[in-house]
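Chain letters run A, B, ... following the sequence lines, proteins first and then strands; every chain starts at 1.
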Protein chains: 2
Amino acid sequence: MTPSPAAGESVEDRVLDAAGELFYARGLQAVGMDAIRGASGVSLKRLYQLFPSKDALVEAYLRRRDEHWRGALARHVEAVPAGPGRVLAVYDRLGQWFAEPDFRGCAFVNSFGELGGTSPVVAGLARAHKDAFRRYVADLVDAAGAPATLTDPLVLLAEGAITTAALSGSAEPARHAREAARVLLDAVTTPGRTAG
Amino acid sequence: MTPSPAAGESVEDRVLDAAGELFYARGLQAVGMDAIRGASGVSLKRLYQLFPSKDALVEAYLRRRDEHWRGALARHVEAVPAGPGRVLAVYDRLGQWFAEPDFRGCAFVNSFGELGGTSPVVAGLARAHKDAFRRYVADLVDAAGAPATLTDPLVLLAEGAITTAALSGSAEPARHAREAARVLLDAVTTPGRTAG
DNA sequence: CAGCACGGAGAACGATCGTTCTCCGCGGAT
DNA sequence: ATCCGCGGAGAACGATCGTTCTCCGTGCTG
(Lines give C-alpha, C1' and ligand atoms only; values in the text may rest on other atoms or scores of the structure.)
Protein backbone atom coordinates (compact mmCIF):
# COMPACT_ATOMS: atom_id res chain seq x y z
CA MET A 1 0.00 0.00 0.00
CA THR A 2 2.12 2.86 1.28
CA PRO A 3 5.40 3.03 -0.62
CA SER A 4 8.55 2.56 1.49
CA PRO A 5 11.34 4.44 -0.24
CA ALA A 6 14.11 3.77 2.28
CA ALA A 7 13.64 0.19 3.39
CA GLY A 8 10.84 -2.19 4.20
CA GLU A 9 9.77 -0.08 7.17
CA SER A 10 6.49 1.75 7.23
CA VAL A 11 6.13 5.52 7.20
CA GLU A 12 5.12 5.44 10.84
CA ASP A 13 8.29 3.55 11.69
CA ARG A 14 10.40 6.02 9.80
CA VAL A 15 8.84 8.85 11.77
CA LEU A 16 9.29 7.07 15.08
CA ASP A 17 12.90 6.18 14.28
CA ALA A 18 13.79 9.75 13.39
CA ALA A 19 11.83 11.28 16.26
CA GLY A 20 13.26 8.79 18.73
CA GLU A 21 16.82 9.53 17.80
CA LEU A 22 16.28 13.27 18.05
CA PHE A 23 14.25 13.19 21.27
CA TYR A 24 16.79 10.98 22.95
CA ALA A 25 19.81 12.97 21.81
CA ARG A 26 18.53 16.51 22.42
CA GLY A 27 15.59 16.26 24.77
CA LEU A 28 11.87 16.49 24.15
CA GLN A 29 11.34 20.22 24.07
CA ALA A 30 14.48 20.96 22.10
CA VAL A 31 13.24 19.01 19.08
CA GLY A 32 10.69 20.76 16.89
CA MET A 33 8.27 19.09 14.55
CA ASP A 34 10.21 20.63 11.70
CA ALA A 35 13.38 18.79 12.71
CA ILE A 36 11.43 15.54 12.75
CA ARG A 37 10.10 16.31 9.31
CA GLY A 38 13.62 16.93 8.04
CA ALA A 39 15.06 13.80 9.62
CA SER A 40 12.24 11.51 8.58
CA GLY A 41 11.53 12.99 5.18
CA VAL A 42 7.82 12.88 6.01
CA SER A 43 5.89 16.04 5.32
CA LEU A 44 4.33 18.02 8.13
CA LYS A 45 0.87 17.31 6.77
CA ARG A 46 1.45 13.58 6.89
CA LEU A 47 3.07 13.80 10.31
CA TYR A 48 -0.09 15.30 11.71
CA GLN A 49 -2.18 12.67 9.98
CA LEU A 50 -0.19 9.95 11.73
CA PHE A 51 0.04 11.67 15.13
CA PRO A 52 -2.52 14.27 16.11
CA SER A 53 -0.03 16.35 18.11
CA LYS A 54 3.55 16.47 19.28
CA ASP A 55 2.42 15.18 22.66
CA ALA A 56 1.00 12.09 20.98
CA LEU A 57 4.27 11.58 19.13
CA VAL A 58 6.21 11.89 22.37
CA GLU A 59 3.96 9.33 23.98
CA ALA A 60 4.39 6.94 21.04
CA TYR A 61 8.14 7.44 21.25
CA LEU A 62 8.23 6.51 24.93
CA ARG A 63 5.95 3.51 24.51
CA ARG A 64 8.06 2.16 21.67
CA ARG A 65 11.29 2.82 23.52
CA ASP A 66 10.01 0.87 26.52
CA GLU A 67 9.22 -2.12 24.29
CA HIS A 68 12.54 -2.04 22.48
CA TRP A 69 14.66 -1.51 25.58
CA ARG A 70 13.06 -4.29 27.55
CA GLY A 71 13.05 -6.56 24.54
CA ALA A 72 16.79 -6.13 24.04
CA LEU A 73 17.37 -6.77 27.74
CA ALA A 74 15.27 -9.93 27.71
CA ARG A 75 16.98 -11.24 24.58
CA HIS A 76 20.38 -10.75 26.18
CA VAL A 77 19.41 -12.25 29.52
CA GLU A 78 17.66 -15.26 28.07
CA ALA A 79 20.73 -16.17 26.06
CA VAL A 80 22.46 -17.27 29.27
CA PRO A 81 21.44 -20.41 31.20
CA ALA A 82 18.74 -20.01 33.82
CA GLY A 83 19.97 -19.29 37.34
CA PRO A 84 21.87 -16.52 39.15
CA GLY A 85 23.88 -15.87 36.00
CA ARG A 86 20.81 -14.31 34.46
CA VAL A 87 20.69 -11.72 37.20
CA LEU A 88 24.29 -10.76 36.46
CA ALA A 89 23.54 -10.74 32.75
CA VAL A 90 21.37 -7.68 33.35
CA TYR A 91 24.50 -5.69 34.17
CA ASP A 92 26.30 -7.05 31.15
CA ARG A 93 23.50 -5.80 28.97
CA LEU A 94 23.77 -2.41 30.69
CA GLY A 95 27.49 -2.39 29.88
CA GLN A 96 26.73 -3.02 26.20
CA TRP A 97 24.21 -0.24 26.20
CA PHE A 98 26.54 2.24 27.92
CA ALA A 99 29.14 1.59 25.24
CA GLU A 100 26.81 2.58 22.40
CA PRO A 101 28.11 5.83 20.92
CA ASP A 102 24.89 7.80 21.36
CA PHE A 103 24.15 6.59 24.90
CA ARG A 104 22.81 9.41 26.99
CA GLY A 105 21.18 7.75 29.98
CA CYS A 106 17.67 6.46 30.49
CA ALA A 107 15.19 8.12 28.14
CA PHE A 108 12.51 7.85 30.80
CA VAL A 109 14.58 9.45 33.52
CA ASN A 110 15.55 12.21 31.11
CA SER A 111 11.95 12.74 30.04
CA PHE A 112 10.78 12.69 33.62
CA GLY A 113 13.35 15.29 34.58
CA GLU A 114 12.26 17.50 31.73
CA LEU A 115 8.48 17.14 31.80
CA GLY A 116 7.60 14.92 34.75
CA GLY A 117 6.73 17.91 36.87
CA THR A 118 4.28 19.20 34.27
CA SER A 119 3.02 16.24 32.26
CA PRO A 120 1.20 13.42 34.06
CA VAL A 121 1.41 11.33 30.88
CA VAL A 122 5.20 11.46 30.76
CA ALA A 123 5.45 10.88 34.49
CA GLY A 124 3.16 7.88 34.24
CA LEU A 125 5.05 6.32 31.34
CA ALA A 126 8.35 6.74 33.18
CA ARG A 127 6.92 5.12 36.29
CA ALA A 128 5.44 2.26 34.26
CA HIS A 129 8.79 1.62 32.60
CA LYS A 130 10.63 1.45 35.90
CA ASP A 131 7.94 -0.75 37.44
CA ALA A 132 8.22 -3.17 34.53
CA PHE A 133 11.99 -3.29 34.90
CA ARG A 134 11.67 -3.96 38.61
CA ARG A 135 9.19 -6.76 37.98
CA TYR A 136 11.56 -8.30 35.46
CA VAL A 137 14.45 -8.26 37.93
CA ALA A 138 12.17 -9.66 40.62
CA ASP A 139 11.33 -12.59 38.35
CA LEU A 140 15.01 -13.23 37.66
CA VAL A 141 15.78 -13.14 41.38
CA ASP A 142 12.95 -15.54 42.05
CA ALA A 143 13.98 -17.89 39.25
CA ALA A 144 17.53 -17.89 40.60
CA GLY A 145 16.26 -19.07 43.96
CA ALA A 146 17.52 -15.92 45.68
CA PRO A 147 15.45 -14.16 48.34
CA ALA A 148 13.06 -11.50 47.10
CA THR A 149 14.65 -8.90 49.36
CA LEU A 150 17.53 -8.80 46.89
CA THR A 151 15.39 -7.33 44.17
CA ASP A 152 15.37 -3.74 45.38
CA PRO A 153 19.12 -3.45 46.00
CA LEU A 154 19.81 -5.02 42.62
CA VAL A 155 17.48 -2.56 40.93
CA LEU A 156 19.11 0.35 42.74
CA LEU A 157 22.53 -0.76 41.51
CA ALA A 158 21.26 -0.93 37.93
CA GLU A 159 19.53 2.42 38.17
CA GLY A 160 22.59 4.05 39.71
CA ALA A 161 24.80 2.56 37.02
CA ILE A 162 22.63 4.03 34.27
CA THR A 163 22.70 7.52 35.74
CA THR A 164 26.38 7.40 36.59
CA ALA A 165 27.33 6.08 33.16
CA ALA A 166 25.30 8.82 31.49
CA LEU A 167 26.84 11.62 33.53
CA SER A 168 30.41 10.32 33.46
CA GLY A 169 30.36 9.08 29.89
CA SER A 170 31.96 5.82 30.96
CA ALA A 171 30.77 2.21 30.79
CA GLU A 172 32.60 1.31 34.00
CA PRO A 173 29.55 1.63 36.28
CA ALA A 174 28.15 -1.54 34.69
CA ARG A 175 31.14 -3.52 35.96
CA HIS A 176 30.97 -1.96 39.41
CA ALA A 177 27.28 -2.71 39.65
CA ARG A 178 27.81 -6.25 38.49
CA GLU A 179 30.50 -6.89 41.08
CA ALA A 180 28.42 -5.41 43.86
CA ALA A 181 25.48 -7.53 42.74
CA ARG A 182 27.64 -10.63 42.90
CA VAL A 183 28.73 -9.77 46.43
CA LEU A 184 25.12 -9.28 47.47
CA LEU A 185 24.11 -12.60 45.93
CA ASP A 186 27.03 -14.32 47.68
CA ALA A 187 26.38 -12.63 51.00
CA VAL A 188 22.87 -13.98 51.08
CA THR A 189 23.88 -17.44 49.89
CA THR A 190 26.71 -17.70 52.44
CA PRO A 191 25.23 -16.01 55.50
CA GLY A 192 27.93 -14.21 57.45
CA ARG A 193 27.03 -12.33 60.59
CA THR A 194 23.88 -10.25 60.45
CA ALA A 195 24.56 -7.25 62.65
CA GLY A 196 21.75 -5.04 63.94
CA MET B 1 22.32 49.49 51.30
CA THR B 2 19.79 47.60 49.28
CA PRO B 3 16.50 47.37 51.15
CA SER B 4 15.32 43.84 51.97
CA PRO B 5 11.55 43.92 52.23
CA ALA B 6 10.93 40.23 52.92
CA ALA B 7 13.66 39.16 55.31
CA GLY B 8 17.35 39.76 55.83
CA GLU B 9 18.18 38.17 52.51
CA SER B 10 19.61 40.10 49.60
CA VAL B 11 17.78 40.71 46.34
CA GLU B 12 20.06 38.22 44.63
CA ASP B 13 19.12 35.59 47.19
CA ARG B 14 15.46 36.28 46.70
CA VAL B 15 15.87 35.79 42.98
CA LEU B 16 17.87 32.60 43.40
CA ASP B 17 15.39 31.22 45.92
CA ALA B 18 12.42 31.83 43.64
CA ALA B 19 14.19 30.67 40.49
CA GLY B 20 15.53 27.59 42.22
CA GLU B 21 12.13 26.51 43.43
CA LEU B 22 10.60 26.98 39.98
CA PHE B 23 13.44 25.40 38.03
CA TYR B 24 13.47 22.38 40.28
CA ALA B 25 9.71 21.90 40.29
CA ARG B 26 8.97 22.47 36.60
CA GLY B 27 12.24 22.07 34.72
CA LEU B 28 14.57 24.66 33.23
CA GLN B 29 12.88 25.40 29.92
CA ALA B 30 9.37 25.40 31.33
CA VAL B 31 10.11 28.40 33.58
CA GLY B 32 10.11 31.78 31.92
CA MET B 33 11.85 34.88 33.18
CA ASP B 34 8.41 36.35 33.76
CA ALA B 35 7.53 33.57 36.21
CA ILE B 36 10.74 34.28 38.10
CA ARG B 37 9.88 37.94 38.21
CA GLY B 38 6.45 37.11 39.59
CA ALA B 39 7.74 34.70 42.20
CA SER B 40 10.64 36.86 43.35
CA GLY B 41 8.96 40.24 43.09
CA VAL B 42 12.06 41.56 41.36
CA SER B 43 11.48 43.52 38.18
CA LEU B 44 12.69 42.24 34.83
CA LYS B 45 15.06 45.18 34.55
CA ARG B 46 16.71 44.35 37.84
CA LEU B 47 16.80 40.64 37.03
CA TYR B 48 18.88 41.37 33.95
CA GLN B 49 21.13 43.68 35.95
CA LEU B 50 21.87 40.85 38.37
CA PHE B 51 22.15 38.08 35.75
CA PRO B 52 22.99 38.93 32.17
CA SER B 53 20.86 36.13 30.72
CA LYS B 54 18.66 33.23 31.64
CA ASP B 55 21.56 30.89 31.01
CA ALA B 56 23.60 32.74 33.60
CA LEU B 57 20.74 32.44 36.06
CA VAL B 58 20.47 28.71 35.39
CA GLU B 59 24.18 28.35 35.98
CA ALA B 60 23.98 30.29 39.25
CA TYR B 61 21.03 28.13 40.31
CA LEU B 62 22.98 24.93 39.73
CA ARG B 63 26.12 26.22 41.45
CA ARG B 64 24.15 27.27 44.51
CA ARG B 65 22.19 24.04 44.59
CA ASP B 66 25.42 22.06 44.56
CA GLU B 67 26.70 24.03 47.54
CA HIS B 68 23.50 23.74 49.55
CA TRP B 69 22.94 20.07 48.79
CA ARG B 70 26.42 18.99 49.71
CA GLY B 71 26.43 21.28 52.73
CA ALA B 72 23.27 19.69 54.09
CA LEU B 73 24.71 16.24 53.48
CA ALA B 74 27.95 17.08 55.25
CA ARG B 75 26.14 18.60 58.21
CA HIS B 76 24.03 15.48 58.62
CA VAL B 77 26.94 13.08 58.21
CA GLU B 78 29.26 14.93 60.53
CA ALA B 79 26.70 14.85 63.31
CA VAL B 80 27.35 11.12 63.74
CA PRO B 81 30.61 9.74 65.21
CA ALA B 82 33.44 9.07 62.80
CA GLY B 83 33.59 5.54 61.37
CA PRO B 84 31.44 3.31 59.19
CA GLY B 85 28.31 4.89 60.64
CA ARG B 86 29.09 8.01 58.65
CA VAL B 87 28.87 6.05 55.43
CA LEU B 88 25.42 4.81 56.39
CA ALA B 89 24.43 8.32 57.45
CA VAL B 90 24.60 9.31 53.80
CA TYR B 91 21.55 7.13 53.11
CA ASP B 92 19.74 8.51 56.12
CA ARG B 93 20.21 11.97 54.73
CA LEU B 94 18.86 10.76 51.39
CA GLY B 95 15.81 9.42 53.20
CA GLN B 96 15.19 12.81 54.79
CA TRP B 97 15.52 14.47 51.43
CA PHE B 98 13.17 12.03 49.69
CA ALA B 99 10.53 12.78 52.28
CA GLU B 100 10.52 16.51 51.57
CA PRO B 101 7.19 17.37 49.98
CA ASP B 102 8.65 18.96 46.87
CA PHE B 103 11.28 16.30 46.24
CA ARG B 104 11.59 15.58 42.53
CA GLY B 105 14.93 13.82 42.15
CA CYS B 106 18.39 15.17 41.58
CA ALA B 107 18.34 18.63 40.08
CA PHE B 108 21.53 17.87 38.20
CA VAL B 109 20.27 14.65 36.70
CA ASN B 110 17.08 16.41 35.69
CA SER B 111 18.96 19.32 34.18
CA PHE B 112 21.32 16.97 32.39
CA GLY B 113 18.44 15.05 30.92
CA GLU B 114 16.85 18.24 29.72
CA LEU B 115 19.83 20.21 28.43
CA GLY B 116 22.90 18.01 28.83
CA GLY B 117 22.78 17.02 25.19
CA THR B 118 22.80 20.65 24.10
CA SER B 119 24.50 22.71 26.78
CA PRO B 120 28.11 21.90 27.70
CA VAL B 121 27.79 24.21 30.70
CA VAL B 122 24.89 22.27 32.20
CA ALA B 123 26.56 18.95 31.39
CA GLY B 124 29.78 20.11 33.05
CA LEU B 125 28.04 21.32 36.19
CA ALA B 126 26.16 18.03 36.51
CA ARG B 127 29.37 16.06 36.11
CA ALA B 128 31.15 18.25 38.64
CA HIS B 129 28.37 17.75 41.17
CA LYS B 130 28.49 13.97 40.83
CA ASP B 131 32.28 13.95 40.98
CA ALA B 132 32.19 15.96 44.19
CA PHE B 133 29.66 13.58 45.70
CA ARG B 134 31.81 10.61 44.73
CA ARG B 135 34.89 12.20 46.28
CA TYR B 136 32.96 12.84 49.48
CA VAL B 137 31.83 9.21 49.71
CA ALA B 138 35.38 8.08 48.94
CA ASP B 139 36.64 10.14 51.86
CA LEU B 140 34.03 8.63 54.18
CA VAL B 141 34.94 5.12 53.03
CA ASP B 142 38.60 5.85 53.60
CA ALA B 143 37.97 7.37 57.04
CA ALA B 144 35.93 4.30 57.98
CA GLY B 145 38.90 2.09 57.20
CA ALA B 146 36.97 0.31 54.45
CA PRO B 147 38.60 -0.58 51.14
CA ALA B 148 38.40 2.02 48.42
CA THR B 149 36.75 -0.46 46.08
CA LEU B 150 33.58 0.01 48.09
CA THR B 151 33.22 3.62 47.00
CA ASP B 152 31.76 2.99 43.57
CA PRO B 153 29.12 0.47 44.62
CA LEU B 154 28.07 2.74 47.48
CA VAL B 155 27.74 5.66 45.11
CA LEU B 156 25.71 3.56 42.67
CA LEU B 157 23.32 2.61 45.46
CA ALA B 158 22.87 6.25 46.42
CA GLU B 159 22.38 7.35 42.83
CA GLY B 160 19.91 4.58 42.16
CA ALA B 161 18.00 5.44 45.31
CA ILE B 162 17.66 9.07 44.23
CA THR B 163 16.30 8.18 40.80
CA THR B 164 14.02 5.46 42.09
CA ALA B 165 12.64 7.64 44.86
CA ALA B 166 11.95 10.42 42.37
CA LEU B 167 10.12 8.19 39.92
CA SER B 168 8.21 6.17 42.49
CA GLY B 169 7.44 9.01 44.85
CA SER B 170 8.51 6.92 47.81
CA ALA B 171 11.27 7.34 50.39
CA GLU B 172 11.74 3.59 50.69
CA PRO B 173 14.73 3.38 48.33
CA ALA B 174 16.83 5.14 50.98
CA ARG B 175 16.25 2.23 53.37
CA HIS B 176 16.95 -0.38 50.73
CA ALA B 177 20.15 1.36 49.73
CA ARG B 178 21.22 1.66 53.33
CA GLU B 179 20.66 -2.02 53.99
CA ALA B 180 22.53 -3.05 50.87
CA ALA B 181 25.37 -0.73 51.85
CA ARG B 182 25.53 -2.37 55.26
CA VAL B 183 25.74 -5.80 53.67
CA LEU B 184 28.52 -4.64 51.38
CA LEU B 185 30.44 -3.15 54.31
CA ASP B 186 29.97 -6.37 56.30
CA ALA B 187 30.91 -8.60 53.39
CA VAL B 188 34.22 -6.89 53.06
CA THR B 189 34.88 -6.80 56.81
CA THR B 190 34.03 -10.51 57.23
CA PRO B 191 35.48 -12.05 54.09
CA GLY B 192 33.37 -14.98 52.97
CA ARG B 193 34.31 -16.88 49.87
CA THR B 194 35.45 -14.78 46.96
CA ALA B 195 34.33 -16.62 43.89
CA GLY B 196 35.75 -15.86 40.40
C1' DC C 1 -7.52 15.48 -23.39
C1' DA C 2 -10.28 17.51 -19.32
C1' DG C 3 -11.26 17.05 -14.59
C1' DC C 4 -10.08 15.70 -10.07
C1' DA C 5 -8.38 14.00 -5.71
C1' DC C 6 -4.08 13.53 -3.29
C1' DG C 7 0.22 14.68 -1.27
C1' DG C 8 4.32 17.76 -0.74
C1' DA C 9 6.62 22.22 0.16
C1' DG C 10 6.50 25.73 2.70
C1' DA C 11 3.97 30.13 4.00
C1' DA C 12 0.88 31.71 7.54
C1' DC C 13 -0.97 32.21 12.16
C1' DG C 14 -1.17 32.59 16.97
C1' DA C 15 1.18 31.79 21.13
C1' DT C 16 5.18 31.95 24.02
C1' DC C 17 9.67 33.49 25.41
C1' DG C 18 14.13 35.97 26.09
C1' DT C 19 15.52 40.48 25.98
C1' DT C 20 15.18 45.48 25.56
C1' DC C 21 12.83 49.87 25.61
C1' DT C 22 9.47 53.43 27.02
C1' DC C 23 7.07 55.82 30.12
C1' DC C 24 6.03 57.34 34.60
C1' DG C 25 6.31 58.28 39.57
C1' DC C 26 9.13 58.97 43.57
C1' DG C 27 13.00 60.70 46.53
C1' DG C 28 16.89 63.58 47.19
C1' DA C 29 19.59 67.76 46.27
C1' DT C 30 19.74 72.74 45.58
C1' DA D 1 9.44 74.31 44.77
C1' DT D 2 12.10 72.53 40.86
C1' DC D 3 15.11 69.48 38.66
C1' DC D 4 17.35 65.01 38.17
C1' DG D 5 18.22 60.25 38.14
C1' DC D 6 16.89 55.70 39.62
C1' DG D 7 13.78 51.91 39.54
C1' DG D 8 9.31 49.58 38.49
C1' DA D 9 5.53 48.11 35.38
C1' DG D 10 4.75 46.40 31.46
C1' DA D 11 4.67 47.18 26.29
C1' DA D 12 7.50 46.09 22.36
C1' DC D 13 10.49 43.33 19.44
C1' DG D 14 12.37 39.46 17.22
C1' DA D 15 12.78 34.64 17.28
C1' DT D 16 10.96 30.05 17.68
C1' DC D 17 7.43 26.61 17.74
C1' DG D 18 3.09 23.88 17.24
C1' DT D 19 -0.40 23.68 14.11
C1' DT D 20 -3.03 24.77 9.98
C1' DC D 21 -3.70 26.50 5.37
C1' DT D 22 -2.59 27.63 0.54
C1' DC D 23 -0.83 26.60 -3.65
C1' DC D 24 0.91 23.68 -7.02
C1' DG D 25 2.34 19.55 -9.52
C1' DT D 26 1.23 14.69 -10.37
C1' DG D 27 -1.09 10.71 -11.69
C1' DC D 28 -5.52 8.47 -12.24
C1' DT D 29 -10.49 8.29 -14.38
C1' DG D 30 -13.94 9.12 -18.13
Side-chain angles (χ1 to χ4, degrees), chain A residues 1-6 9-62 110-111 114-115 117-122, chain B residues 1-6 9-62 110-111 114-115 117-122:
Chain A
M1 285 292 187
T2 51
S4 40
E9 60 178 1
S10 70
V11 182
E12 189 170 331
D13 278 344
R14 259 199 303 153
V15 170
L16 286 173
D17 284 348
E21 217 167 310
L22 291 170
F23 283 151
Y24 181 64
R26 305 191 205 156
L28 268 22
Q29 301 180 86
V31 174
M33 295 298 278
D34 213 61
I36 294 167
R37 181 191 64 102
S40 67
V42 173
S43 75
L44 238 28
K45 195 191 257 181
R46 208 110 120 83
L47 268 183
Y48 277 94
Q49 280 170 2
L50 292 166
F51 303 94
S53 68
K54 185 184 176 183
D55 283 356
L57 182 52
V58 165
E59 182 174 342
Y61 151 66
L62 289 174
N110 292 349
S111 300
E114 187 173 352
L115 291 180
T118 321
S119 158
V121 173
V122 169
Chain B
M1 280 295 187
T2 51
S4 39
E9 59 178 0
S10 70
V11 181
E12 190 171 329
D13 278 344
R14 258 198 305 153
V15 170
L16 287 172
D17 283 350
E21 217 167 309
L22 291 169
F23 283 150
Y24 182 64
R26 302 190 206 159
L28 268 22
Q29 301 181 85
V31 174
M33 295 298 279
D34 213 59
I36 294 168
R37 181 192 65 101
S40 67
V42 173
S43 74
L44 240 27
K45 194 192 257 179
R46 208 109 120 85
L47 269 184
Y48 278 93
Q49 282 169 1
L50 291 166
F51 303 94
S53 68
K54 187 185 175 183
D55 283 356
L57 181 52
V58 165
E59 182 174 341
Y61 152 65
L62 289 174
N110 293 349
S111 301
E114 187 173 351
L115 291 181
T118 321
S119 156
V121 173
V122 168

>> If the condition is side-chain contact (heavy atoms from CB on, under 4.5 Å), which residues does A:Ala30 pass it with, not counting sequence neighbours?
In response: A:Arg26
>> At 10 degrees resolution, what angle do the end axes of the helix from C:dC1-D:dG30 to C:dT30-D:dA1 form when each is taken over five base pairs?
In response: 30°
>> A:Gln29: which residues meet the side-chain contact (heavy atoms from CB on, under 4.5 Å) condition with it, sequence neighbours left out?
In response: A:Glu114, A:Leu115, B:Gln29, B:Glu114
> Which atom pair, heavy atoms only, marks the closest approach of B:Leu50 to B:Val15?
Replying inline: CD1-CG2, 4.1 Å
> When every nucleotide of nucleotides 8-27 of chain C is labelled 5' to 3' by its protein contacts under 4.0 Å (heavy atoms), B for base, S for sugar-phosphate only, - for none, what sequence of letters results?
Replying inline: BS--------SBB-B-----
> Within the distance-only criterion (no hydrogens, no angle test), does the side chain of A:Arg37 pair as donor or acceptor with the backbone N or O of A:Ser43 below 3.5 angstrom?
Replying inline: no
> How would you list, by chain and number, every residue that makes a side-chain contact (heavy atoms from CB on, under 4.5 Å) with A:Asp17, sequence neighbours excluded?
Replying inline: A:Glu9, A:Arg64
> How close do B:Lys54 and B:Leu28 get, heavy atom to heavy atom, and via which atoms?
Replying inline: NZ-O, 3.2 Å
>> For residues 17-44 of chain A, which residue pairs pass the ring pair (Phe, Tyr, Trp, His ring centres under 6.0 Å) check, not counting sequence neighbours?
In response: A:Phe23-A:Tyr61
